[in-house]
Amino acid sequence: MKPRVRFAPSPTGALHIGGARTALFNWLFAKHHDGVFVLRIEDTDRERSTKEFEKSILEGMRWLGMDWDEGPFYQTQRMEIYKGHVKKLMEEGKAYPCTCSPEELDESRKKAMAEGRKPKYDGTCRNGVTHPDRPAVIRFKAPQDGTTKFHDICRGTISFNNAELDDLIIARSDGTPTYNFTVVIDDVTMDMTHIIRGDDHINNTPKQVMLYNALGYKLPEFAHLPMIHGSDKKKLSKRHGAASVMEYKELGYLPEGLVNYLARLGWAHGDQEIFDFSELIKIFDLDAVSNSPSIFDTEKLEWVNSQHIVKKTNAELVELTRPFFTKIDISLTDDNYAIQVMEVERERARTLKELANISTFFFNDEISIDPKAASKWLKPEQIGRLQELREAIQEDQQFSVASLSKIFNEMAERNGLKMLKIAQPVRVAMTGSTASPGIFEVLTILGKERVLKRFDAAIKGNS
RNA sequence: GCUCCCAUCGUCUAGCGGUCUAGGACAUUGCCCUCUCAAGGCAGAAACACGGGUUCGAGUCCCGUUGGGAGCGCCA
């Protein structure tokens, strides 16, 4: 049987790193087994769900390249299905109305905690409501003894004592169904074969299993993934810097870079670190998923991203970095020129944003020279040599890496100087900084006209 | 507090009873390359939480302790 899996985010926030990893493992699992990946929007929390968050989640999914085969389905459009199931349970005596108020419940919970007991519903309304005048929620009549167990692909059998569980609310007083109920109904009616989700759901699973049993449905396979933590080892949240997937796009990460990094959190394939999409699909499976939580490490993400930047062609990098250049008011008008720039800068940046930022001097007519660099490398005696170099370069008909190299070397030799002493002033004059690609490459890409202008600007500005 | 889950270098991980004096990667240190900075190459420092078992043999299996995480909503 072809597996059917789903990713079921609630639109109460953007698609974040943890959600993206869960989505990715589902997607990879479906692709690997030639199964079906469905997207379901769990929007029953009307208070906090918004259309904007929903849109940004879909945007994040698309950007990461995780296409879905079915959906998106919306829980708010499936109310009749849930209501039918609630009714069925009521008729079979497996659910009952409860009129205890939220305040009363809250109080008994606090009391239980204070007394060291587990906060659970005391069953006041199990045998008839106590306040017929009040609006009622519907509770599931959970088994009170015995155990509830289920099989988890990653962890084996997990079992809970039913005495630990209570009569969960399956429908609110306004008639809308709650999470643990809707997931079960949806997963069953959508024919899900595997439920792959974060392990923060392990504690919900026995409740859901009871519902499957009460409804007479067959259990799917479960696979609970370890959490992704921030550097403080706490569940990843907004406080840990950029949490939303789209923020990583803004930061200049490649979708393949993020996906590669995310795949390696909680999953490994021997010693291999770098994977592209097709490779992941080919080798990904649940048996290689680990059980311990991992910490999100931006530095490794950056390295992985740089590995994927290097895999791109120069032409692709031009297109990829264009939006980042635009943001700093540079428009790439000459693609051939930009391609040459990419060739010399591609290995020097870890993100597309950085790639654009370190390349600005190639595109701006006016460059700003770092004062510290100038005070070290554009002193009077160095300006004098710059002048000399400028004349030699002007006379150089070839203006190639080879010819320039010859000019620089001769100059160094004549003055008994190391290449450093002669290259650095030129680098500062051309790029404004002490770090850049090879100086001869920089010169030939910039072109003689621009080079001479920058010589003049540096000489004029510092003499 | 209770329940459940987890436990190899700072971090991500390999390891599925003997080949582990524990391997790789990021980060880090030194060296090489070198016109700078990267990239790259080489070398180094760095871990099986602890205690009991089981076994001829345990990082690998079992139990406990400790530590961490998650859940305990008319949120999902």
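Here is the naming used below: chain letters follow the sequence lines, and residue numbers restart at 1 for every chain. Scope of the values below: all heavy atoms of this structure, side chains included, with no hydrogens, waters or symmetry mates. This is a predicted model, so every value here is computed, not measured.
Between the CG atom of A/D271 and the P atom of B/rG24 there is a distance of 8 Å, rounded to whole Å. One can place CE of A/M430 at 15 Å from C1' of B/rU36, the figure rounded to the nearest angstrom. In this structure, the NE2 atom of A/H224 is 16 Å from the P atom of B/rA70, given to the nearest Å. For the pair A/K376 NZ and B/rC35 C1', the computed distance is 13 Å after rounding to whole Å. Rounded to a whole Å, the CG atom of A/L389 is 12 Å from the C1' atom of B/rC35. When rounded to the nearest whole Å, the span between CE of A/M227 and P of B/rG69 equals 13 Å. Rounded to whole Å, the distance from CG on A/L386 to C1' on B/rC35 is 14 Å. One can place CG of A/N305 at 15 Å from P of B/rC26, the figure rounded to the nearest angstrom.
A/G266 comes within 4.0 angstrom of the backbone, heavy atoms only, and of no base. Residue contacts shown for A/I439 include a base, since a base heavy atom lies under 4.0 Å away. If you check every strand for non-hydrogen atoms under 4.0 Å, A/S436 touches a base. Residue contacts shown for A/S173 include a base, since a base heavy atom lies under 4.0 Å away. At a threshold of 4.0 angstrom between heavy atoms, the contacts of A/F408 with the nucleic acid are absent. Counting non-hydrogen atoms under 4.0 angstrom, A/L168 reaches nothing in the nucleic acid. Residue A/P437 is classed as a base contact, given a heavy-atom separation below 4.0 Å to a base. Within the nucleic acid shown, A/C154 has no heavy atom closer than 4.0 Å to any nucleic acid atom. Within the nucleic acid shown, A/N161 has no heavy atom closer than 4.0 Å to any nucleic acid atom. A/P293 comes within contact range of the sugar-phosphate backbone alone, with a heavy-atom separation under 4.0 Å but no base atom that close. Contacts of A/R48 with the nucleic acid, taken as non-hydrogen atoms under 4.0 Å apart, include base atoms.
By the 6.0 Å contact criterion, CD on A/E107 is open, its count of non-hydrogen atoms from other residues, nucleotides or ligands being 12 or less. Within a 6.0 Å radius of CG in A/D145, no more than 12 heavy atoms belonging to other residues, nucleotides or ligands are found. Counting non-hydrogen atoms of other residues, nucleotides and ligands closer than 6.0 Å to NZ of A/K421 gives a total of 12 or fewer.
Pairing for B/rC42 is with B/rG30, a Watson-Crick or G-U wobble pair whose two hydrogen-bonding atom distances lie under 3.5 Å. The partner of B/rU36 is absent, by the rule that a Watson-Crick or G-U pair needs both atom distances under 3.5 Å. Here B/rA58 sits opposite no nucleotide as a Watson-Crick or G-U wobble pair (both hydrogen-bonding atom distances under 3.5 Å). Base pairing analysis places B/rA7 opposite B/rU66; the two distances defining the Watson-Crick or G-U wobble pair are each below 3.5 Å. Within the shown strands, B/rG71 is the pairing partner of B/rC2 under the Watson-Crick or G-U definition, both distances less than 3.5 Å. Partner assigned to B/rC20 is none, using Watson-Crick or G-U wobble distances below 3.5 angstrom.
The phosphate of B/rA27 has OP1 or OP2 within less than 4.0 Å of a side-chain N or O from A/R350. Phosphate proximity of B/rA76 to A/T44: present, with a side-chain N or O under 4.0 Å from OP1 or OP2. Phosphate contact (OP1/OP2 of B/rC72, side-chain N/O of A/R109, threshold under 4.0 Å): absent.
Nearest nucleotide to the A/Q424 side chain, out of B/rC35, B/rA76, B/rU11: B/rC35. When each of B/rG24, B/rA76, B/rU3 is scored by its nearest atom to the side-chain atoms of A/K300, the top-ranked nucleotide is B/rG24. Closest to the side chain of A/M113, out of B/rC72, B/rC35, B/rG71, is B/rC72. Checking B/rU36, B/rU3, B/rC12 against the side-chain heavy atoms of A/F160 singles out B/rU3 as nearest. In the set B/rC12, B/rC74, B/rG73, the nucleotide with an atom closest to the side chain of A/T178 is B/rC74.
Classified by interplanar angle (parallel below 30°, tilted 30° to 60°, perpendicular above 60°), the ring pair A/Y253/A/Y248 is tilted. Aromatic ring orientation, A/W27 versus A/F277: perpendicular (interplanar angle above 60°, classes split at 30° and 60°).
A donor-acceptor contact under 3.5 Å links the side chain of A/E273 to the base of B/rG24. No donor-acceptor contact under 3.5 Å links the side chain of A/R155 to the base of B/rC5.
Using modelled atom types, one finds no donor on one side chain facing an acceptor on the other under 3.5 Å when comparing A/Q382 with A/R385.
When each of A/D186, A/T176, A/T189 is paired with A/Y82, the side chain to side chain donor-acceptor pair (under 3.5 Å) condition holds for A/D186 and for no other.
Residues A/W267 and A/F284 bring their aromatic ring centres within 6.0 Å.
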